[in-house]
Amino acid sequence: VKVEKGDYVARVHVRQEKRELLDKYADTTLLVSSKLSSAVSLDVYAAHSEAIVGGKKMSSAIGYPGKTVPIYISPSIPDKHSKGATLGQFLQGTATFAKDELGKKV
């Protein structure tokens, strides 16, 4: 469902004979998805401690088949995307790690 910007109330009707099962739905999470108007650039770090304090950013890394390369993304995002953000909100999507256009096409 696509709706215009504004405040909305979601009401759900659930039928069940057992009251205790219905009570479990009282605090059910509602997942709302929206697209960002532009891409988000986040800082990437090679170590968790560096990401937490905003230290030295990762400049490059080499990945080998079958091996894991851990990366850490800073917890802050630009103000234009986090305006009105509350606890429980998250970013979901794809990540591009190459800087040049040729690398982005792979």
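Not measured: the values here are computed from a predicted model. In what follows, residues are counted from 1 in the order of the sequence shown.
Here the closest heavy-atom approach between residue Tyr72 and residue Ala51 is recorded as CB-CB, 3.8 Å. The two residues Gly63 and Val69 come nearest to each other via the heavy atoms CA-CG2, 3.8 Å.
Summarising the geometry, atom CD1 belonging to Ile73 is positioned 10.5 Å from atom CE belonging to Met58; distances are rounded to the nearest 0.5 Å. A distance of 14.5 Å separates CG in Asp43 from NZ in Lys56, rounded to the nearest 0.5 Å. For the atom pair Arg15 CZ and His13 NE2, the distance stands at 11.5 Å (nearest 0.5 Å).
In the displayed structure, Tyr25 atom OH is contacted under 6.0 Å by at most 12 heavy atoms of other residues, nucleotides or ligands.
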